[in-house]
Amino acid sequence: MSLDILKTRIKENNISGVFLLCGPEEYTKDHYANLLRKKVDASPLPEFNHIYFNASSSKISELEDSAYSLPYMWENKLIEITDLESAKITESDIEDYLRVFSDIPDYLTILAVLRADEHTEEARKSKNKGGLSGFVSAVKDNGLVVEFETEKADKLITWINRHFNAKGIKCDNNVPREIINVCGNDMYILQSEILKLTEVFSGKPLTVSDVRKYCCANSSSKYYDIATALNRRDIVTAKRILDDLDLSREEIPMAVGFLAKNYSEMLMIKSGIDSGRGYDVISKDLKIASWKITKIASSLGAVDLKMLSFAISQLSELDMKLKAYRGNPRRILELAFYRICTYGRKA
């Protein structure tokens, strides 16, 4: 229902107020965030009307001052609140946010986009008046919170067909479902695979064989999911995902390599964030797609550089052990999971 309200308000250009976009589906979340941004970025001087407020390092008094500063040569102004996940929000801060949110001028949109859906889940359950849970409650009391869930297969099939139809691409009826089976349900990844298939389309309807020939199996995303679970110290989920992969003895070293790659990317991205660089800058420096930077950053939560470095060291040791180990490699992989999950905890 909240998404329907958001769609209607964007269509009617009724965008004054506070909007919080959250949940695990990044593609649609970014789509609607960009629609809100475009209302202001279309102005002659968008740099004066699209203001960024860093919740971690700026004072709320600055947000309040900016809120009551009129837009420049335009009817709308947007303040985008960033870095909420790492901000230390006190109960006093929540009172200040409530004061600002309860009296929004007609020309103003305040937008916050949360990437860490595990924080959103925590905030939804928490009874604390401060922290992220308090911020979410403050928006709910005075604005609109829209949670974007992962799309179900039937909706993704319709979405894939719509993309193909828009480009005049014909395909067999079972092709969209096969794309999901092979590539997963991440809409950013699906978008890139759809583009790949449109480029090889020669006029003859695409088939399941084409999907299997040209699309990349998204098993690597499962290793990202394992690393994300380990970052949350969720050994149960990490082991369940590992079970789903059903790896042979020969595939265990490959899994270690994928995990080490994911952790190396996490370490580099975390270093960039800690040094104050924005996602776009990190993306250019590391030559990693911006959507992937955003996704990885959302999985880091409260993880620090030491824990990421420890995980890489454990995987490096594991790689060396596997070369000489004659027992069950799955067991020493799980042992590495336990060590990563318990890092920094006192016995």
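Heavy-atom basis, side chains included; hydrogens, waters and symmetry copies ignored.
Side-chain atoms of I179 and F164, non-hydrogen and from C-beta on, do get closer than 4.5 Å to each other. Contact check for L318 versus L335: no side-chain heavy atoms found under the 4.5 Å cut-off.
Under the side chain to side chain donor-acceptor pair (under 3.5 Å) criterion, Y338 pairs with no residue at all, not counting sequence neighbours.
The OG1 atom of T207 sits 9.0 Å away from the CZ atom of R212 when rounded to the nearest 0.5 Å. For the atom pair CZ (R37) and CG (D30), the distance works out to 6.5 Å, reported to the nearest 0.5 Å. Separation of atoms CD1 (I15) and CG (L108) is listed at 9.5 Å; rounding is to 0.5 Å.
Distance alone, capped at 3.5 Å, places no donor-acceptor pair between the S69 side chain and the D65 backbone. A distance-only check finds no donor-acceptor pair linking the side chain of K170 to the backbone of F201 [under 3.5 Å]. Checking side-chain atoms of K39 against main-chain N and O of N13 turns up no donor-acceptor pair under 3.5 Å.
Ionic pairing of R99 and D96 is present here: one or more N-O contacts between side-chain nitrogen and carboxylate oxygen are shorter than 4.0 angstrom. With respect to D93 and K59, no salt bridge is recorded, no charged nitrogen being found less than 4.0 Å from a carboxylate O. The existence of a salt bridge linking R177 and D172 is excluded, since no basic side-chain nitrogen approaches an acidic carboxylate oxygen closer than 4.0 Å. Look at E199 and K196 and you find no salt bridge, because none of the NZ, NE, NH1 or NH2 atoms lies under 4.0 Å from a carboxylate O. Using a 4.0 Å cut-off between charged nitrogen and carboxylate oxygen, R331 and E334 do not count as a salt-bridge pair.
Minimum heavy-atom separation, D103 to Y68: O-OH, 2.8 Å. Residues S16 and D106 approach most closely at CB-O, 3.1 Å, considering heavy atoms. Listed here is the closest heavy atom pair of D83 and S56: OD2-CB, 3.0 Å. S66 approaches I79 most closely through the heavy-atom pair OG-CD1, 3.6 Å. Here the closest heavy-atom approach between residue I282 and residue I273 is recorded as CD1-N, 3.7 Å. When all heavy atoms are compared, the tightest approach of L230 to A238 is CD2-CB, 3.7 Å.
Clustering of Ile, Leu, Val, Met, Phe, Trp and Tyr by side-chain heavy atoms under 4.5 Å joins L45 with F48, Y72, M73. Other cluster members for V208: none, since no ILVMFWY side-chain heavy atom sits under 4.5 Å from it.
Other residues, nucleotides and ligands contribute only 12 or fewer heavy atoms inside 6.0 Å of the CG atom of N173.
Between W159 and H163, the ring-plane angle classifies as perpendicular under the 30° and 60° cut-offs.
If you chain together hydrophobic residues whose side chains sit under 4.5 Å apart, Y279 and L305 fall into the same group.
Checked against the 6.0 Å centroid criterion, the rings of F135 and F101 qualify as a close aromatic pair.
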